[in-house]
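Take a look at the structure set out below.
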Amino acid sequence: MSEPYASIKKLHASLPAFQPPVSTAALPTIALLSLLGFFALTFLFTTLPKSRLPIPELGTALIASALAGGGVVALFCTLGVYV
């Protein structure tokens, strides 16, 4: 082994194990709340009165989209598909 590789291997062995920033026990709750929020906002989006300026529709759709994305990722991670 070369010297740089050996030093990097020693450094790697001394580092602590990876700890996720969000506890894996909290993922099912995060998934449920995010997806429930998504479905509620989707219902709200479909019942909003249509206007000339779609600002309320866009705001609702963007928040619902973000909740859906986060909820699906949390759900996948809960099921063991780490994305």
Side-chain angles (χ1 to χ4, degrees):
M1 270 192 277
S2 65
E3 266 315 298
Y5 178 75
S7 65
I8 291 173
K9 186 176 178 182
K10 181 180 174 185
L11 176 65
H12 176 72
S14 69
L15 292 174
F18 174 75
Q19 290 291 340
V22 176
S23 171
T24 54
L27 287 175
T29 305
I30 292 170
L32 178 69
L33 293 177
S34 295
L35 291 175
L36 284 176
F38 161 69
F39 288 123
L41 286 176
T42 302
F43 175 76
L44 178 66
F45 177 75
T46 60
T47 59
L48 283 174
K50 305 302 176 220
S51 63
R52 291 193 71 138
L53 293 174
I55 303 300
E57 290 99 344
L58 285 175
T60 305
L62 288 173
I63 294 171
S65 177
L67 284 173
V72 168
V73 168
L75 182 63
F76 278 1
C77 290
T78 298
L79 298 174
V81 181
Y82 296 102
V83 293

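Positions are given from 1 along the sequence.
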Legend entry - Closest approach of Glu57 to Lys50 (non-hydrogen atoms, all atoms of both residues):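 The answer is OE2-CA, 3.8 Å.
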Inset, instruction - Determine the minimum heavy-atom distance between Pro21 and Phe18, stating which atoms define it. - result: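 Where Pro21 meets Phe18 most closely, the heavy atoms are CD-CZ, 4.4 Å.
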Inset, instruction - Report yes or no: does Ser14 contribute a side-chain atom to a donor-acceptor pair with the main-chain N or O of Leu11 at less than 3.5 Å? - result: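 Yes, Ser14 side chain to Leu11 backbone: donor-acceptor pair under 3.5 Å.
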Inset, instruction - Report yes or no: do Val72 and Val81 belong to one cluster of Ile/Leu/Val/Met/Phe/Trp/Tyr joined by side chain heavy-atom distances under 4.5 Å? - result: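 They do share one cluster, since a chain of ILVMFWY contacts under 4.5 Å joins Val72 to Val81.
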Inset, instruction - Verify the cluster assignment for Val73 and Val22: are they in a single hydrophobic cluster under the rule of side-chain heavy atoms below 4.5 Å apart? - result: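 Cluster IDs for Val73 and Val22 differ.
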Legend entry - Co-members of the apolar cluster containing Ile55 [side chain, <4.5 Å]: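 Members besides Ile55, by chain and number: Leu53.
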Run the side-chain donor-acceptor check on residues 27-49: report pairs under 3.5 Å with partners two or more places apart or on a different chain.
residue	atom	partner	partner atom	Å
Ser34	OG	Ile30	O	2.9
Thr42	OG1	Phe38	O	2.7
Thr46	OG1	Thr42	O	3.4
Thr46	OG1	Phe43	O	2.8
Thr47	OG1	Phe43	O	3.2
Thr47	OG1	Leu44	O	3.1

